[in-house]
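Structure record follows, encoded as structure tokens.
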Amino acid sequence: MKLSVLLAPTLKEVPREAEAASHRLLLRGGFIRALSAGVYQFLPMGLRVLRKIEGIVREEMNRAGAQELLLPALHPRELWEVTGRWTTYGDDMMKVKDRTGRDFGLGPTHEEVITNLMAQEVQSHADLPKMLYQIQVKFRDEPRPRHGLLRCKEFLMKDCYSFDATREGAEKSYAVMKRAYETIFTRVGIPFFPVQADPGLIGGSLSHEFIMPSESGEDTVLRCESCDAAVSAMRPDGSPEAAACPACGKDRKKMTGMEIGHIFFLGTKYSSKMHAEFLDADGTRKPIEMGCYGIGVSRLVSAVVEARHDEKGIVWPKSCAPYRAVVVPILMDKPDVIEAAERLYRDLDLAAPGDVLLDDRPARAGVKINDADLVGVPVRVVLGRGVSKGLAEIQERAGQKSREVPLESAVEEIRKIWA
RNA sequence: CGGGGUGUAGCUCAGCUUGGCUAGAGCGCUUGGUUCGGGACCAAGAGGCCCCGAGUUCAAAUCUCGGCACCCCGACCA
């Protein structure tokens, strides 16, 4: 992609509203723009990051044996009345009426919808187990959206639901998902740790949050440094957890972080209310054992930036960078430089189709290089004076210093970095 | 929902206290020129419902009242 045609409006100055590092950098880098409080537009580069993270999540879900589907965002009120959550979820759910006055909710989560589906489709223990997931826009009427993509009224979420015939099977599904989550966050490239958590409004008996340590986070956890066990600093009843680790007795440290994933063992909480039952081998009808597993995909974008930035801008991990490399010709009046840049761009684009940027803008060197640092593409190739000696300058965004390589081996060198 | 703050050019902001000239600066944008390896310089331009509404006044960006929006802290929340 040529930067001259890409909608990637970088900002030199920080928009007034941005406070958190990820919020500032995503705005400045031209990844996102606000439409309203907690409602964001993903510009082309922002969407590319979102899609890459989505791709990692999708691969790991599929690998874990989950099947992708797509459920509606518009939920009829009656469905939520069955579980009582039309009332208990309350104002956190966006509610709308159709032209006849019928009530609908914009889905904040999908237990009702998917349990209803499975109630219709599952007859026998032979139909189980099943794991189903979707990557979809969710709506939650947050009383206070904040920090850009961190907490939004509309956001992209991966939600997965497991359906098992037995409690043991359901616990196994839970464990499979927990492992998949660990793989996902590792691949995305952010630090994290699991925490025993409060099941909250989703409900159920067992639940883990995945926390990324960050000052911008909203969660406080107690973490034991010797055995790594961690819990929410507040228990459901509001009383603070004791400072000593129950596992090893050592002191625990209070720290803040952001929740990047949450998994719940649900048991039969929804299935029994919604009559999602199956006929077991022994001839009795039983409610399905369920679990649900969420990752805020759009929130992950800001989590990555919180974890991976420096004073110059974003330092995208290779796995979710909007582009894998950017070619930056900085002597725009030198035909050999232009020509070398276009050739290198074509060759790199052949190696990573659609994943390479060419900064063909007629801008000054400083502007281009600062933009490249801000946007945070992992590999930058500067073409300037060195071109007359057949040299290109490769700089890894995460690295310290650049190095010069012969133009003809530049593609090969960059492929090594990508590998 | 409680507390605090902010709404003036695309962005960052000054002007408001003490009402009055044609509403400003920097950055960005357009055109021309000089520059050209780390956010250049000179010149000429374009760009405004001073958040909205009602009031006070000869006169309101400025004062009063009411609303709306956005940000931060808290409550709540995955």
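Protein chains get the first letters and strands the later ones, always in sequence-line order, with residue 1 at the start of each.
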Task: W80(A)/F104(A) aromatic ring centres below 6.0 Å - done: no
Open item on the list: One character per nucleotide, please: for nucleotides 40-47 of chain B, 5' to 3', B when the base has a protein heavy atom closer than 4.0 Å, S when only the sugar-phosphate does, - otherwise.
Closed with: B-------
Open item on the list: Can you tell me which nucleotide in G37(B), C72(B), G39(B) comes closest to the side chain of I330(A)?
Closed with: G37(B)
Task: P108(A) side chain reached by K138(A) side chain, heavy atoms, under 4.5 Å - done: no
TODO: Give the nucleotide from the list G38(B), U12(B), G39(B) with an atom nearest to the side chain of D373(A).
DONE: G38(B)
TODO: Determine which nucleotide pairs with A43(B), using a 3.5 Å limit on both distances of a Watson-Crick or G-U wobble pair.
DONE: U31(B)
Open item on the list: Please classify the nucleic acid contact of G296(A) as base, sugar-phosphate, or nothing, using heavy-atom distances under 4.0 Å.
Closed with: nothing
- [ ] Look through every strand shown and name the nucleotide pairing with U6(B) as Watson-Crick or G-U wobble, where both distances are under 3.5 Å.
- [x] A69(B)
Open item on the list: Please tell me if S36(A) has a side-chain N or O lying less than 4.0 Å from either OP1 or OP2 of C70(B).
Closed with: yes
Open item on the list: Heavy atoms only, 4.0 Å cut-off, all strands: where does E17(A) land among base, sugar-phosphate and nothing?
Closed with: sugar-phosphate
Task: Considering all heavy atoms, the nearest E393(A)-S402(A) contact - done: OE2-OG, 3.4 Å
Output a table of donor-acceptor pairs, distance under 3.5 Å, between side-chain atoms of residues 360-367 of chain A and any protein atom two or more places apart or on a different chain; print 'none' if there are none.
unit_1	atom_1	unit_2	atom_2	d
D360(A)	OD1	L3(A)	N	3.4
D360(A)	OD1	S4(A)	N	2.9
D360(A)	OD1	S4(A)	OG	3.0
D360(A)	OD2	S4(A)	OG	2.7
R361(A)	NE	D359(A)	OD1	2.8
R361(A)	NH1	D371(A)	OD2	3.1
R361(A)	NH2	D359(A)	OD2	3.0
R361(A)	NH2	D371(A)	OD2	3.1

Open item on the list: Testing the 3.5 Å rule here: is there a donor-acceptor pair between the side chains of Y161(A) and D159(A)?
Closed with: yes
Open item on the list: Run the ring-ring contact (aromatic ring centres under 6.0 Å, His included) test on F210(A) and H208(A) for me, step by step, so that the C-alpha distance in whole Å, both residues' side-chain angles and the decisive distance to 0.1 Å come before the verdict.
Closed with: CA-CA 7 Å; F210(A) 290 82; H208(A) 282 88; 7.3 Å; no
- [ ] Once you apply the 3.5 Å cut-off to both distances, tell me the Watson-Crick or G-U wobble partner of C58(B), or none.
- [x] G20(B)
Open item on the list: Given C73(B), G39(B), U12(B), identify the nucleotide with an atom nearest to the side chain of H147(A).
Closed with: C73(B)
Open item on the list: Can you identify which nucleotide, out of A78(B), U12(B), C1(B), has its nearest atom closest to the R144(A) side chain?
Closed with: C1(B)
Open item on the list: For the C1' atoms, the ones on A60(B) and on G20(B), what distance do you get once it is rounded to whole angstrom?
Closed with: 10 Å
Open item on the list: Which nucleotide wins on minimum distance to the side chain of P143(A), given the candidates U12(B), A78(B), C1(B)?
Closed with: C1(B)
Open item on the list: How many whole angstroms separate atom CZ of R299(A) from atom P of A78(B)?
Closed with: 10 Å
Open item on the list: Categorize R380(A) for me: base, sugar-phosphate, or nothing, with a 4.0 angstrom heavy-atom threshold over every strand shown.
Closed with: base
Open item on the list: Tell me every residue that passes salt bridge (Lys or Arg N to Asp or Glu O under 4.0 Å) with R343(A), counting only those two or more places apart in sequence or in another chain.
Closed with: E339(A)
TODO: Tell me whether F264(A) is stacked on the nucleobase of A78(B), counting only the six-membered base ring and applying the 5.5 Å and 30° thresholds.
DONE: no
- [ ] Could you check which of G37(B), U6(B), G39(B) has an atom nearest any side-chain atom of R16(A)?
- [x] U6(B)
- [ ] Classify the nucleic acid contact of G386(A) as base, sugar-phosphate or nothing, counting any heavy atom under 4.0 Å across all strands shown.
- [x] base
Task: Donor-acceptor pair present, E393(A) side chain and G37(B) base, under 3.5 Å - done: yes
